[in-house]
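Structure, as structure tokens:
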Amino acid sequence: MIYPDRVAAGRALGGVLGHLRVADPLVLGLPRGGVPVAVAVRDVIGGDLDVLLVRKLGVPWQPELAMGAIGEDDVRVLNYDVVRHTGVTPDQLADIEVVERAELERRRRILRAGPPIDLKDRTVVIVDDGMATGATVAAACEIAGLHEPRRVVVAVPVSSVEALHRIREIADEVVCPLVPRALGGVGGAYRDFHQLTDAEVVKLLRPTASRDADQ
């Protein structure tokens, strides 16, 4: 299975999340790539839409490989196996985290028009465009858990087997239609997997926004 783009993936994902419609869910997209998926999911199952800000901590010489992730509320999650196998030093990890904390704050200023929607007692659906290591989604689950939701559901169009096992241990429910035996990269499941700009994400979240977002 190859998804044409993130919107098509979100529609397909929404089609298997119909049981959540009665829960008036809060759909949280992980910027940037998870936002168009989340918008399409919300269009199918209804509820509210917001973002949940997280950043991957990539290995310095292999940025796409997550050695961990950080997020709002000072959450930090590490992939200890990746750190150990790559030999990343504490100083290297700290340097990457400083950079990503700054980017997290920059995105908060751009993408949030106001305070986040309250998660307390809500059925929260965390949506990304896919999971390779699961570090980013794990951080998102930890952030969500701090706000006492009724239920945390993770929904992604594609995932590695390893990430799926990891997230199933911390989420109440995980929905993923495509789990290949070997996932070379999330982008391999899409024909169009372009990197979204801040402006594209702002337009999806706030179609009438008048201010320009930095690219």
Side-chain angles (χ1 to χ4, degrees), residues 26-38 49-120 124 126-149 152 154 156 163 166-167 170-171 185-187 194-206 209 211-215:
L26 171 55
V27 182
L28 298 176
L30 304 189
R32 297 181 178 117
V35 172
V37 184
L49 174 72
D50 202 352
V51 291
L52 200 161
L53 298 175
V54 290
R55 288 291 296 169
K56 175 171 60 180
L57 299 176
V59 173
W61 50 89
Q62 194 176 349
E64 290 306 309
L65 178 59
M67 55 184 173
I70 57 172
E72 298 178 273
D73 301 316
D74 293 323
V75 165
R76 179 177 184 260
V77 173
L78 291 182
N79 273 344
Y80 292 101
D81 286 346
V82 172
V83 173
R84 184 171 61 253
H85 289 143
T86 57
V88 172
T89 67
D91 286 346
Q92 289 171 325
L93 177 58
D95 289 344
I96 293 293
E97 185 169 350
V98 167
V99 172
E100 296 302 344
R101 287 277 177 203
E103 176 63 12
L104 192 73
E105 174 59 21
R106 188 191 72 82
R107 290 194 180 186
R108 184 193 64 76
R109 293 195 305 268
I110 291 172
L111 300 183
R112 286 211 182 282
I117 297 175
D118 190 5
L119 277 60
K120 186 175 175 62
V124 171
I126 295 172
V127 178
D128 204 358
D129 53 15
M131 298 191 299
T133 67
T136 306
V137 173
C141 288
E142 187 168 330
I143 294 166
L146 295 174
H147 298 273
E148 302 179 357
V152 174
V154 168
V156 292
R166 177 181 188 177
I167 301 304
I170 58 178
V186 169
H194 74 279
Q195 183 171 340
L196 276 76
T197 64
D198 289 332
E200 287 177 282
V201 176
V202 168
K203 187 175 180 180
L204 287 166
L205 295 170
R206 306 195 299 281
R211 65 186 180 84
D212 292 329
D214 294 337
Q215 295 192 10

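For reference, positions follow the sequence shown, starting with 1.
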Give, for atom CD1 of Ile117 and atom CG of Leu28, the distance between the pair rounded to the nearest 0.5 Å.
8.0 Å
For the residue pair Arg112 and Asp50, establish whether any side-chain heavy-atom pair is separated by less than 4.5 Å.
yes
State, to 0.1 Å, how close Asn79 and Ala135 come at their nearest heavy-atom pair, and which atoms those are.
ND2-CB, 3.7 Å
Stepwise side chain to side chain contact (heavy atoms under 4.5 Å, CB included) test for Val124 and Leu52:
CA-CA 11 Å; Val124 171; Leu52 200 161; 5.7 Å; no
CD on Glu105 to CG on Leu53, rounded to 0.5 Å
9.5 Å
Would you name the heavy atoms of Arg166 and Gly134 that are closest together and state the gap between them?
NH1-C, 4.0 Å
Side chain of Arg206, backbone of Leu111: donor and acceptor closer than 3.5 Å?
yes
Using the rule given for salt bridge (charged side-chain N to carboxylate O under 4.0 Å, His left out), can you reason through Lys56 versus Glu64, listing the C-alpha separation, both sets of side-chain angles and the distance that settles it, and then say yes or no?
CA-CA 9 Å; Lys56 175 171 60 180; Glu64 290 306 309; 3.4 Å; yes
Can any side-chain N or O of Glu200 pair as donor or acceptor with the backbone N or O of Thr197 at less than 3.5 Å?
yes
Do the charged groups of Arg106 and Glu103 touch, with an N to O distance under 4.0 Å?
yes
Is any side-chain heavy atom of Asp198 less than 4.5 Å from a side-chain heavy atom of Arg32?
yes
Side-chain ion pair, Glu97 and Arg55, N-O less than 4.0 Å
no
Verify, without hydrogens or angle tests, whether Glu148 (side chain) and Lys120 (backbone) share a donor-acceptor contact under 3.5 angstrom.
no
Out of Ile143, Val77, Ile70, which residue meets the side-chain contact (heavy atoms from CB on, under 4.5 Å) rule with Val54?
Ile143
Minimum heavy-atom separation for Ala171 to Val154, with atom names?
CB-CG2, 3.9 Å
Out of curiosity, Leu205 CG to Ile110 CD1, how far, rounded to the nearest 0.5 Å?
12.0 Å
Would you name the heavy atoms of Ala69 and Thr136 that are closest together and state the gap between them?
CB-CA, 3.7 Å
Atom CG in Leu146, atom CG in Asp73: separation rounded to 0.5 Å?
5.5 Å
Taking C-beta and beyond as the side chain, do Arg107 and Val51 meet within less than 4.5 Å on heavy atoms?
no
Which pair of non-hydrogen atoms, one from Val88 and one from Gln92, has the smallest distance, and what is that distance?
CA-OE1, 3.5 Å
Close side-chain approach of Arg108 to Pro31, heavy-atom, < 4.5 Å:
no
Using side-chain heavy atoms (C-beta onward) and a distance below 4.5 Å, is Val37 in contact with Asp128?
no
Verify, without hydrogens or angle tests, whether Arg101 (side chain) and Gly71 (backbone) share a donor-acceptor contact under 3.5 angstrom.
yes
Determine whether Val156 and Val186 make a side-chain contact, defined as any pair of heavy atoms from C-beta on separated by less than 4.5 Å.
no
Please tell me if the side chains of Thr86 and Gln62 come closer than 4.5 Å, counting only heavy atoms from C-beta onward.
no
Taking all atoms of both residues into account, what is the closest heavy-atom pair of Ala144 and Val152, and its distance?
CB-CG2, 4.3 Å
